[in-house]
Visitor: 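Could you have a look at this structure, given as structure tokens, before my questions?
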Amino acid sequence: MEMVVFNHSLDKIFRFLILKTGNERNKKIILKTKNILFEGFDLKWLFKNQKFDFSLSFAESPKNYFRFSYNDFGEKHLFHEKIFKIFKIFKQGSYSILTLKKILKIMNVPNYPHQTTLGFEWQNTTKFPRIKLYFEELFHFYSRLEIEKKLKKVSQILKLSFKNVFPKNEQIGAFCIDFFPKKKENAKVYFLFQEKKILEKEIEKVGLKIKKEQIRNFLNCLEEKKKFFYLTYRISSNNTLVSAKIYQIFEVQQILDFSELIFRIFSFLKETNIPKATSFLSQLINLSKKNHTVFYPVIFASDFPLVGCSQENFPKYDLYFSVKPIQQ
């Protein structure tokens, strides 16, 4: 498949999701962001690594967010330039470029070994998105102590503290800075778990206001092989833990056939009685097929309420997916 054809197929998915999430008012700027990110794109990357993903939220009351992320695989130095291009087009939103520069310096961007990802979340009621900057796969390149030192420097810039939320023995897989308009930020830390039992014990310490069987149902809904877990904590500007999220992350390069995984996700969403979730996904899969691309899940995640927090719209399930050309 030529890049022109693939770009046309990708454009259809963007427009479909913009329409379905009620983000027509933001369509022009969303597509402009997409064009900046995909400048110089090489189709070969899609068969070596997951390069981008969309995510959908499903809850009793549907969340009308358009979410998309794109990583630096194959283009680390160019990606550094793209980050600043993106922030500049949102200058009226008054995101903190100074904070961005300080964090990139701490993380040694663009001369860094880890993966960096830029993500966006548009609510259909807002003009400016939440911009998410992820530093990922950290445990492949740094010791836990080195990661904690970097995270401490970042948290000092953001005036946040993570001391009370660190699991003692688990690796830090990633952390993310959320940039909001009017120079506001918060942060998330992702802890890596290979075993479900250890993850369940850690979840009990967090104080999730939910029955154990609900968490277990979520963790057991997909096949055991070719995945790992993240437990994520989000810290707000007043240094309080505002949410915890569980991720089931698939080793997509090891999965040749996604049909069983998709079937299990569909079955789980049907059992939770979330309205329109499966029909929405079916439309996306059919759209992908018509455009000669493969729809495949990347992550299945769930937000659970913390003790003392409102339980409205909980639990919420997020499906992250990507597409790539069908290999001939």
Side-chain angles (χ1 to χ4, degrees), residues 46-56 67 69 71-73 113-117 119 132 134-148 150-151 162 165-176 187-206 208 212 214-234 243-265 267-269 296-304 315-322 324:
L46 297 181
F47 299 106
K48 297 177 181 178
N49 193 57
Q50 176 217 328
K51 181 66 179 171
F52 62 87
D53 65 65
F54 303 89
S55 58
L56 307 169
R67 293 191 307 212
S69 65
N71 69 51
D72 63 359
F73 181 79
H114 57 269
Q115 179 169 287
T116 301
T117 295
K132 300 176 280 188
Y134 299 86
F135 303 104
E136 301 167 322
E137 301 178 354
L138 300 175
F139 55 90
H140 289 310
F141 307 102
Y142 312 107
S143 68
R144 163 112 185 199
L145 182 59
E146 287 173 321
I147 298 170
E148 286 188 355
K150 289 179 182 295
L151 189 53
F162 294 94
V165 299
F166 275 12
K168 291 182 180 179
N169 301 315
E170 306 309 318
Q171 291 178 315
I172 299 173
F175 61 86
C176 172
K188 295 170 287 192
V189 186
Y190 297 72
F191 294 93
L192 174 69
F193 291 81
Q194 299 285 0
E195 295 183 30
K196 230 173 8 183
K197 288 182 180 179
I198 298 174
L199 173 59
E200 286 178 8
K201 287 180 182 178
E202 185 60 37
I203 289 168
E204 288 179 18
K205 298 177 189 175
V206 182
L208 298 181
K212 286 183 182 179
Q214 285 182 285
I215 293 174
R216 283 184 182 151
N217 286 343
F218 172 69
L219 293 175
N220 291 333
C221 72
L222 306 175
E223 59 184 325
E224 289 298 306
K225 297 178 182 179
K226 299 168 184 174
K227 70 176 179 180
F228 57 92
F229 306 94
Y230 274 153
L231 178 60
T232 301
Y233 300 97
R234 180 182 285 113
S243 72
K245 192 169 184 176
I246 303 165
Y247 292 78
Q248 302 190 58
I249 301 177
F250 313 122
E251 300 279 14
V252 295
Q253 298 304 319
Q254 299 177 25
I255 301 173
L256 299 177
D257 183 0
F258 289 91
S259 57
E260 175 67 17
L261 184 54
I262 292 170
F263 173 78
R264 286 175 177 264
I265 291 170
S267 298
F268 179 79
L269 290 173
Y296 63 98
V298 175
I299 301 168
F300 196 38
S302 183
D303 278 300
F304 291 102
K316 177 171 71 73
Y317 301 102
D318 292 340
L319 176 64
Y320 298 71
F321 73 92
S322 193
K324 58 185 175 183

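Below, each value reflects all heavy atoms present in this structure, side chains not excepted, and no hydrogens, waters or symmetry copies.
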Visitor: Say you draw a straight line from NZ of Lys196 to CD1 of Ile246; how long is it, rounded to the nearest 0.5 Å?
Guide: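 Reported to 0.5 Å precision, the distance equals 11.5 Å.
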Visitor: At what distance, to the nearest 0.5 angstrom, does CG of Leu56 lie from CG of Asp318?
Guide: 8.5 Å
Visitor: Looking just at side-chain N and O atoms, do Asp53 and Ser322 make a donor-acceptor pair shorter than 3.5 Å?
Guide: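 There is no such pair (donor and acceptor under 3.5 Å, judged by atom type) between the side chains of Asp53 and Ser322.
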Visitor: Please check if the number of heavy atoms outside Gln254 that lie under 6.0 Å from its CD is greater than 12.
Guide: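 Above 12, so yes.
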Visitor: Quick test of your reading of the model: are Arg264 and Glu260 salt-bridged, counting only N-O distances below 4.0 Å?
Guide: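 Between Glu260 and Arg264 there is a salt bridge, with a charged N closer than 4.0 Å to a carboxylate O.
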Visitor: Distance from Glu170 atom CD to Glu195 atom CD, nearest 0.5 Å?
Guide: 9.0 Å
Visitor: Testing the basics here: between Leu46 and Lys324, what is the closest heavy-atom pair and its distance to 0.1 Å?
Guide: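 So the minimum-distance heavy-atom pair works out to O-CD, 3.7 Å.
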Visitor: Tell me if the aromatic rings of Phe250 and Phe300 count as close, with their centers under 6.0 Å from one another.
Guide: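 No, they do not, as the ring centres are separated by 6.0 Å or more.
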Visitor: Using a 3.5 Å distance criterion without hydrogens, assess whether the side chain of Lys51 forms a donor-acceptor pair with backbone atoms of Phe73.
Guide: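 Such a contact is found between Lys51 side chain and Phe73 backbone.
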Visitor: Ignoring hydrogens, what is the shortest heavy-atom contact between Phe218 and Ser302? Give both atom names and the distance.
Guide: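 The pair with the smallest heavy-atom distance is CZ-N, 3.6 Å.
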Visitor: What's the separation between atom CD1 in Ile172 and atom CD in Glu146, rounded to the nearest 0.5 Å?
Guide: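 It is 11.5 Å, given to the nearest 0.5 Å.
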Visitor: Under 6.0 Å between the ring centres of Phe141 and His114?
Guide: no
Visitor: Counting N and O atoms only, with roles assigned by atom type, does the side chain of Glu200 sit under 3.5 Å from a partner on the main chain of Ile215, one being a donor and the other an acceptor?
Guide: no
Visitor: Do the ring centers of Phe193 and Phe229 come within less than 6.0 Å of each other?
Guide: no
Visitor: For the atom pair CZ (Arg216) and SG (Cys221), what is the distance rounded to the nearest 0.5 Å?
Guide: 15.0 Å
Visitor: Can a donor-acceptor pair be found, under 3.5 Å and without considering hydrogens, that links the side chain of Asp72 to the backbone of Thr116?
Guide: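 Checked: pair present.
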Visitor: Phe135 and ring-ring contact (aromatic ring centres under 6.0 Å, His included): which single residue from Tyr190, Tyr142, Phe175 fits?
Guide: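 When ring-ring contact (aromatic ring centres under 6.0 Å, His included) is applied between Phe135 and each of Tyr190, Tyr142, Phe175, only Phe175 qualifies.
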Visitor: Give the minimum heavy-atom separation between Lys227 and Leu222, together with the two atoms involved.
Guide: NZ-O, 3.4 Å
Visitor: Parallel, tilted or perpendicular: which one describes the rings of Tyr296 and Phe258, with boundaries at 30° and 60°?
Guide: tilted
Visitor: Give a yes or no on whether a salt bridge exists between Glu148 and Arg144, defined as a side-chain N under 4.0 angstrom from a carboxylate O.
Guide: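 Yes, Glu148 and Arg144 are salt-bridged.
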Visitor: Hey, do the aromatic rings of Phe268 and Tyr317 have their centres closer than 6.0 Å?
Guide: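 Yes, they do, as the ring centres are separated by less than 6.0 Å.
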Visitor: Report yes if some heavy atom in the side chain of Asn49 is under 4.5 Å from a heavy atom in the side chain of Asn71; otherwise report no.
Guide: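 A side-chain contact exists here, since the closest heavy-atom pair is under 4.5 Å.
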Visitor: Within a strict 4.5 Å, meaning less than it, do heavy atoms of the Leu199 and Phe191 side chains meet?
Guide: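 Counting from C-beta outward, Leu199 and Phe191 never come under 4.5 Å.
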Visitor: Can you tell me how far apart CD1 (Ile299) and NZ (Lys245) are? Round to the nearest 0.5 Å.
Guide: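 So the gap between those two atoms works out to 8.5 Å.
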